[in-house]
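Heads up: the structure comes next, in structure tokens.
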Amino acid sequence: MSHTFIILDAHPTAFTPTLTTYQHDIPPTHQLPPFPLWACMVEGTIEHCRTIWDICGHRNHLVTVITAARSPTLLNRTAEQSIQVLEQTFPHVQPRETCNTDRLQPAIELALSTFMKKNDKNDHTLHRCRLMVLSISKDDSEKLFEFHNNPGEPPRDIRALAFTALQNVRKKYPQFRIDHIDVDVLRLLTHTSSQQEIPSNIISREVSQELAVSVYNIPNGQYDLKYTMQNLIRLYYNINLLNITNIPMKSGGESQSTHTVSLYYQSKGSHLVNQPPPNDTLPIYHPDYLKSRDLNLIYLKRSKRALPETEWCTCMHTISPYMLHDQATKVYLDMTSKGSISHLMTPEATQLQTSTHFLMSQNDRISLHCINNQKRNHFETIAANMMEIVEVKMEDAPYPMPVPKRGDTAKTQEFLETLIKPNVFNNINDFHSRIADPLCQLISINPFRYAYHLPSIYQTIQQERTCKTIKSIEKASRWRTCFRDSEGTDKVHLRTCDTRSIKDLSLDVLNGVPVGSGFGIALGLIHDLIEQLQDVFMKDDISSKDLLSTEKLIDMILSGLVNALEGSRQTLFIKGLPKEDARLLAMKLLIALYIVGKRFSKDSDNHRKLCRYMMDTIDEKTATRQIEESMDSSVTENPIESSWNQLGKYENMSLREKEEASQGYNLEVKHEMSNPHMNRPSESNNKGRAVNTSSWSNPHFRHRRGNNPNTHNNNNNNYNNNMRKSSIPLKYPDASVAIPYLNAIPPTLEEKAHEEAAEEESLGNPGNLLRLYWTNDKVKRRGNLDEGDLDDGSELVYKNKEWKRIRKEFDGRIAQPGEKGETI
């Protein structure tokens with residue numbers, strides 16, 4: 001918020017008449033008589049305030065007027081930002097008397113006190129204001145930063161006055177702060193005309209770190225002060241002049257003539273690029289000082305129909321009349337305020353007779369709309385080429401062209417429907433109606449948030465350098481990453497024979513480079529149930545009354561997907577889809593919905609409830625299938641096959657594992673392929689062979705290493721046979737009945753997560769090279785984890801030409817089946 005203070009030097013010399021120049025082409029009776037400088041000061045102040053409040057608004061750009069008399073007078077307060085208040089108070093503050101006390105410094109202190117008291121010390125924005133001092137020269141020899149309080153008195157330095165006033169206000173209000181003050185002194189030379197030599201101006205001379213002073217010397221002309229204040233306000237607020245020519249208007253009779261209307265407008269956006277500089281050869285009080293920035297348009301036609309939706313409006317500018325009492329300006333603006341739309345064009349577009357600008361009234365304000373039809377043509381060409389890109393033959397491409405895949409066009413169409421069209425405004429009315437939507441708010445995002453296939457250094461770099469986009473695009477992109485990851489990666493290939501849980505598969509698909517884009521994955525569905533669920537999750541906040549209906553929708557979707565995964569029914573898929581394809585698609589969609597539950601759980605409380613419900617339902621519905629598959633595999637297992645598999649496993653054991661097996665420790669292994677070089681005997685030759693897996697050793701303890709295995713086994717066998725023959729029960733201190741009294745309590749996953757977080761914090765900042773090294777090493781060992789996932793201790797290994805997830809007992813040895821931490 002900017003604040004400008006205009007301080008008027010209320011000394012009786014302000015009634016000195018202005019110097020008029022006789023114009024020979026105007027009759028003497030039509031020429032204005034000379035009027036006092038005070039009238040010029042009042043007119044320039046009111047015009048200055050009107051232009052700021054019309055163009056920039058009175059809420060964000062405050063103007064306060066103060067008269068420097070015997071005691072400074074505040075003409076309008078901060079809450080009184082209107083021309084009517086100034087017009088009522090100016091007649092009561094006319095300069096009629098002189099005083100020997102200083103007048104300018106108390107006025108500056110009043111302005112700074114008013115500014116500091118309305119600022120919040122906790123506000124971290126830049127607190128700066130501008131003081132525009134309209135001083136009157138009391139001596140013809142006044143120059144540089146001199147100021148005379150009365151004629152004949154010694155001059156004072158304006159820089160010292162402003163600096164002393166700033167120090168006094170800071171001592172008076174130490175709890176408030178002020179960052180910078182710009183003081184512009186407009187010195188009116190009472191006895192100097194524009195034809196005489198005028199002292200040079202001083203532009204922005206820095207007095208201290210918080211104070212800068214400029215001095216502009218202005219001759220005693222009737223409009224010199226007015227033009228100076230107009231040019232300064234145009235420089236301060238980037239306000240330019242719009243000249244509309246060839247406007248047809250009827251005179252008093254039936255004759256019709258053309259007129260030119262001049263309007264103010266504020267430059268924004270691309271209009272500030274390469275803006276021409278002021279004309280340095282002209283003084284600042286010349287009316288053509290900023291003529292190079294004027295925008296000249298030609299009136300084309302007018303209509304009362306709404307603008308067509310095909311017109312591309314690049315920017316809007318609020319306008320204000322340049323000459324408030326001009327009759328042509330009043331008629332033209334009155335016609336526009338009643339609904340008339342003026343079609344305007346630049347001089348370069350006169351041959352084509354096409355509109356480049358529109359002047360119309362909207363929300364009780366008249367605005368200039370800039371049109372860029374070239375961008376519209378470019379966008380239409382891009383949109384047409386995007387849909388036809390698969391049909392264009394590229395240069396030097398093999399002939400015939402390969403037939404595009406069936407889903408390419410559908411994927412492109414889904415991309416346009418889900419990401420482009422919902423976030424494109426068709427016209428300016430659509431923009432105004434949706435700008436208040438919370439989903440259209442600009443937020444900061446991390447573009448590498450779910451890019452787990454990129455090196456971890458990207459995650460570290462982007463934590464400080466964030467991009468910005470609207471919330472709807474971020475949510476739609478996040479939804480699409482869930483379906484992209486569910487298609488698998490170059491490391492993890494999804495197959496219908498995989499019996500792992502959906503929860504485990506949702507972790508595995510985060511490792512490697514994704515093989516899909518996430519678009520077109522649900523092309524085989526009959527109903528748009530996934531789209532309905534997406535519409536619910538795309539909301540900024542889900543209402544409580546929608547929870548029950550959304551839970552029913554989730555049950556319907558998951559029941560159909562689980563049935564298709566089990567191969568029973570395919571109610572959600574189109575007829576003719578192969579059974580294996582339907583099972584694979586159902587698995588991918590279940591994984592995608594499980595990832596959605598993890599990535600959307602923090603949007604709101606109702607989002608969290610739905611996500612938790614969806615994840616629990618997936619775990620519940622798929623748990624029955626895993627139990628049945630495990631039971632089927634255990635029933636069909638052949639004991640002879642198991643024996644030979646154990647023998648083959650023993651041949652591949654390490655030295656320690658063979659030692660433990662020879663001491664009677666039970667080492668049951670999962671099914672693995674036996675050694676192909678071994679001559680496997682037939683089943684008939686092994687009918688009488690039995691494998692004795694029982695052992696007398698206590699399962700709570702392990703034997704001491706280093707003993708002779710043969711001797712130990714013989715002793716154990718003899719001891720075991722004797723105990724079988726005896727009916728005496730075993731008692732302590734027999735080692736076979738001993739039970740350990742120190743039970744180890746393993747840490748929970750949450751405790752492990754807290755320990756890892758503390759360990760990472762001890763490595764330094766996220767950009768630290770040491771932390772980056774160990775983080776990358778940990779990711780290579782255990783794989784990537786999604787936000788909120790806890791590390792279960794499993795690791796990724798490459799075995800039998802595929803990536804598997806296993807759990808290790810400790811580094812260097814893989815846990816065996818039956819032990820704590822067996823292979824998944």
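For the single chain, residues carry numbers from 1 onward in sequence order.
A salt bridge does not link Glu474 with Lys468: none of the charged nitrogens is closer than 4.0 Å to a carboxylate oxygen. Comment: Lys475 engages Asp603 in a salt bridge, judged by a side-chain N to carboxylate O separation of less than 4.0 angstrom.
Put simply, the side chain of Glu47 does not reach to within 4.5 Å of the side chain of Met229, judged on heavy atoms. The closest side-chain heavy-atom distance from Asp182 to His180 is below 4.5 Å. With contacts defined as side-chain heavy-atom distances shorter than 4.5 Å, the pair Thr356/Ile371 does not qualify. For the pair Leu8/Val65, a side-chain contact is recorded, criterion being any heavy-atom separation below 4.5 Å from C-beta on. Residues His369 and Gln362 form a side-chain contact, since some pair of their non-hydrogen atoms from C-beta on lies under 4.5 Å apart. Two residues are said to be in side-chain contact when any heavy atoms from C-beta on lie closer than 4.5 Å; Phe519 and Leu419 meet this criterion. Looking at heavy atoms from C-beta onward, Asn76 lies in side-chain contact with Thr64 at the 4.5 angstrom threshold. Considering only heavy atoms from C-beta on, Met345 stays 4.5 Å or farther from Ser355 through its side chain.
Taken to the nearest 0.5 Å, the OG atom of Ser200 stands 7.5 Å off from the CG atom of Asn217. In this structure, the separation between CE on Met323 and NZ on Lys330 is 12.0 Å, given to the nearest 0.5 Å. Separation of atoms CG (Leu263) and CD1 (Ile319) is listed at 4.5 Å; rounding is to 0.5 Å. Between the CD1 atom in Ile6 and the CZ atom in Arg130 there is a gap of 11.5 Å [rounded to 0.5 Å]. Here the straight-line distance linking atom CG of Leu368 with atom CG of Leu295 works out to 7.0 Å at 0.5 Å rounding. Here Tyr289 contributes atom OH and Asn231 contributes atom CG; the two are 7.5 Å apart, rounded to the nearest 0.5 Å.
The minimum heavy-atom distance between Pro422 and Leu416, with the atom names listed, is CD-O, 4.1 Å. Nearest heavy atom pair, residue Thr18 against residue Asn220, reads CA-OD1, 3.3 Å. Of all heavy-atom pairs spanning Ile83 and Cys49, the tightest one is CD1-CB, 4.1 Å. What you find for Ser292 and Pro277 is that their closest heavy atoms are OG-O, 3.1 Å. The shortest non-hydrogen separation linking Asp224 to Pro219 is OD2-CG, 3.2 Å. Taking all atoms of both residues into account, the shortest heavy-atom contact from Arg484 to Gly516 is CG-O, 3.2 Å.
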Checklist line | CA sep, side-chain torsions, deciding dist, call: Thr346, Leu297, side chain to side chain contact (heavy atoms under 4.5 Å, CB included) | finding: CA-CA 5 Å; Thr346 58; Leu297 298 178; 3.7 Å; yes
Next item on the list: Begin from the C-alpha positions of Val261 and Thr245 and carry the test side chain to side chain contact (heavy atoms under 4.5 Å, CB included) through to its verdict.
Entry: CA-CA 7 Å; Val261 172; Thr245 59; over 6 Å; no
Note to self: Pair Val133, Val183 - check side chain to side chain contact (heavy atoms under 4.5 Å, CB included), show working.
What the structure shows: CA-CA 7 Å; Val133 181; Val183 180; 4.3 Å; yes
Next item on the list: Tell me, with the steps shown, if Ile366 and Met360 meet side chain to side chain contact (heavy atoms under 4.5 Å, CB included).
Entry: CA-CA 6 Å; Ile366 300 178; Met360 57 185 295; over 6 Å; no
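Neither side chain, Ser267 nor Asn238, offers a donor N or O lying under 3.5 Å from an acceptor on the other. Between Asn246 and Thr258, the side chains place no donor N or O within less than 3.5 Å of an acceptor N or O (distance only, hydrogens not considered). For Arg205 and Ser214, the side-chain atoms include no donor-acceptor pair closer than 3.5 Å. For the residue pair Asn240 and Gln275, a side-chain donor N or O sits within less than 3.5 Å of a side-chain acceptor on the partner.
The environment of Gln353 atom CD is dense: over 12 non-hydrogen atoms of other residues, nucleotides or ligands sit within 6.0 angstrom. Residue Arg50 qualifies as enclosed at atom CZ: its count of foreign heavy atoms under 6.0 Å is above 12.
Panel note: side chain Arg302, backbone Met335; no donor-acceptor pair is recorded below 3.5 Å. Side chain of Gln81 to backbone of Val63: a donor-acceptor contact under 3.5 angstrom is found.
Remark: aromatic rings of Tyr237 and His61 are close, center separation under 6.0 Å. Taking the six-membered ring for Trp and the full ring otherwise, the centers of His286 and Tyr227 sit at least 6.0 Å from each other.
For the pair Arg478 and Phe600, the cation sits on the ring face: its NZ or CZ lies under 6.0 Å from the ring centre, inside 45° of the axis.
Not counting sequence neighbours, the partners of Thr329 by the side chain to side chain donor-acceptor pair (under 3.5 Å) test are Asp326.
Each of Leu188, Leu232, Leu225 was checked for a side-chain contact (heavy atoms from CB on, under 4.5 Å) with Tyr216, and the lone residue meeting it is Leu232.
Within the structure, ring-ring contact (aromatic ring centres under 6.0 Å, His included) contacts touching residues 314-335 (residues at least two apart or in different chains) are Tyr264-Tyr322, Tyr265-His317, His271-His317. Residue pairs satisfying the salt bridge (charged side-chain N to carboxylate O under 4.0 Å, His left out) criterion with at least one member in residues 280-300, sequence neighbours excluded, are listed as follows: Arg234-Asp294.
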